[in-house]
Amino acid sequence: MHRLVLILVAWLLTAAAIAQPVAPAPAAPPVTVDTRAECLALGGAWLASRQSWMAVCQVPWGRDDCFHLGGGWTPNSAISAGGFCTAQISERATARQCTDSGGTWGPPGSTMPYCQPNTVRAKPPVKKASDANRACDGQADCIYGCIYKGPPVVIGARVQGVCRATNQVEGCDAMVESARYVGSICKR
């Protein structure tokens, strides 16, 4: 009887070791398609909406590839593939589309920015900053704010900021707080 219990315990331990789940493969970083040229290079269609400020890229990816590459899948039985994939657009490109259409992207530093269409107002007079281009770690270090001028980075990345040269915001500025990129503010 004692021998049977030992065999049973050994069998259970072996079965448990074999049944360990396999770690899933790491997800691929999302693919962003930010311009018409990039979309066309992928064989996609750049679709600008007449009712909206935002354009999107429909790419010829299958459902599994679409999800794997960070796209959005829309089922449609009328299409041979069973639906279509809309590629992801980066936040900077989305902000640029917003401001190019006369909107304001923000609020500044938000983790969930959005477009406020048709909000462009008359520009205030340009004022130059005495601390222009000085190194900074946050908004309080500068007269007109601390911005990051460098290659794109993810929110929260450690960056070296510089003080804005004027009170004018043209296009998109990458905002810096506590020496980290916190998001972009965009105006036209």
Side-chain angles (χ1 to χ4, degrees), residues 29-42 44-59 69-72 74 84-188:
V31 172
T32 58
V33 180
D34 292 344
T35 65
R36 179 176 170 36
E38 290 174 357
C39 182
L40 295 176
L42 291 171
W46 188 253
L47 307 173
S49 172
R50 291 182 188 162
Q51 290 82 26
S52 173
W53 54 270
M54 190 172 181
V56 296
C57 179
Q58 267 187 14
V59 287
L69 296 172
T74 303
F84 59 89
C85 182
T86 304
Q88 191 173 26
I89 299 175
S90 73
E91 182 180 326
R92 274 193 178 181
T94 304
R96 194 174 312 113
Q97 286 185 28
C98 173
T99 58
D100 287 351
S101 69
T104 302
W105 184 254
S110 171
T111 57
M112 294 184 64
Y114 56 90
C115 185
Q116 300 162 340
N118 305 317
T119 54
V120 174
R121 296 178 183 93
K123 294 179 186 175
V126 176
K127 296 178 185 175
K128 294 187 179 199
S130 58
D131 60 359
N133 297 315
R134 191 186 79 211
C136 59
D137 290 328
Q139 301 306 303
D141 297 344
C142 305
I143 296 171
Y144 295 121
C146 182
I147 60 173
Y148 168 66
K149 294 182 177 181
V153 294
V154 297
I155 289 180
R158 194 161 201 63
V159 295
Q160 177 61 61
V162 294
C163 293
R164 286 186 47 226
T166 70
N167 63 330
Q168 292 286 1
V169 177
E170 290 290 325
C172 297
D173 280 342
M175 307 303 285
V176 176
E177 196 58 60
S178 300
R180 297 192 180 276
Y181 169 62
V182 294
S184 295
I185 181 172
C186 300
K187 289 196 177 174
R188 188 171 175 199

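Numbering of residues begins at 1 and proceeds along the displayed sequence.
The CD1 atom of Ile147 sits 4.5 Å away from atom NZ of Lys149, with the distance rounded to the nearest 0.5 Å. The distance from the SG atom of Cys146 to the CE atom of Met175 is 8.0 Å, given to the nearest 0.5 Å. Atom-to-atom distance recorded for Tyr114:OH and Thr104:OG1 is 10.0 Å, nearest 0.5 angstrom. Between atom OG1 of residue Thr99 and atom CH2 of residue Trp53 there is a gap of 9.5 Å, rounded to the nearest 0.5 Å. Remark: Leu47 CG to Cys57 SG distance equals 7.5 Å, nearest 0.5 Å.
Side-chain atoms of Thr166 come within 3.5 Å of backbone atoms of Gln168 as a donor-acceptor pair (strictly under, hydrogens ignored). Looking at Gln139, its side chain does come within 3.5 Å of a backbone N or O of Val176 through a donor-acceptor pair.
Checked against Trp105 for a side-chain contact (heavy atoms from CB on, under 4.5 Å), the options Gln97, Arg96, Gln116, Glu91 give a single hit: Glu91.
Within a 6.0 Å sphere centred on CZ of Arg36, heavy atoms belonging to other residues, nucleotides or ligands number 12 at most.
In this structure, Arg180 and Val159 have side chains that are not in contact, with every pair of non-hydrogen atoms separated by 4.5 Å or more.
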Verdict with reasoning, Ile89 to Val33, per side-chain contact (heavy atoms from CB on, under 4.5 Å) = CA-CA 5 Å; Ile89 299 175; Val33 180; 5.7 Å; no
key: Full working for side-chain contact (heavy atoms from CB on, under 4.5 Å) between Gln88 and Val31   = CA-CA 7 Å; Gln88 191 173 26; Val31 172; over 6 Å; no
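Contact detail for Gly71 and Cys85: the closest heavy-atom pair is CA-SG, 4.1 Å. Contact between Ala174 and Ser184 at its shortest, heavy atoms only, is CA-OG, 4.0 Å.
Taking the six-membered ring where tryptophan is involved, the planes of Tyr148 and Tyr181 are tilted, since the angle between them lies from 30° to 60°.
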Atom pairs and distances, side-chain donor-acceptor, residues 124-135, under 3.5 Å, sequence neighbours left out:
unit_1: Asp131; atom_1: OD2; unit_2: Ile143; atom_2: N; d: 2.9
unit_1: Arg134; atom_1: NH2; unit_2: Asp141; atom_2: O; d: 2.4

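Taken together, the cysteine pair Cys115 and Cys98 places its SG atoms within less than 2.5 Å of each other. Remark: Cys136 SG to Cys163 SG, distance not under 2.5 Å.
Residues that satisfy the side-chain hydrogen bond (donor to acceptor under 3.5 Å, both in side chains) test with Asp34, not counting sequence neighbours, are Ser90.
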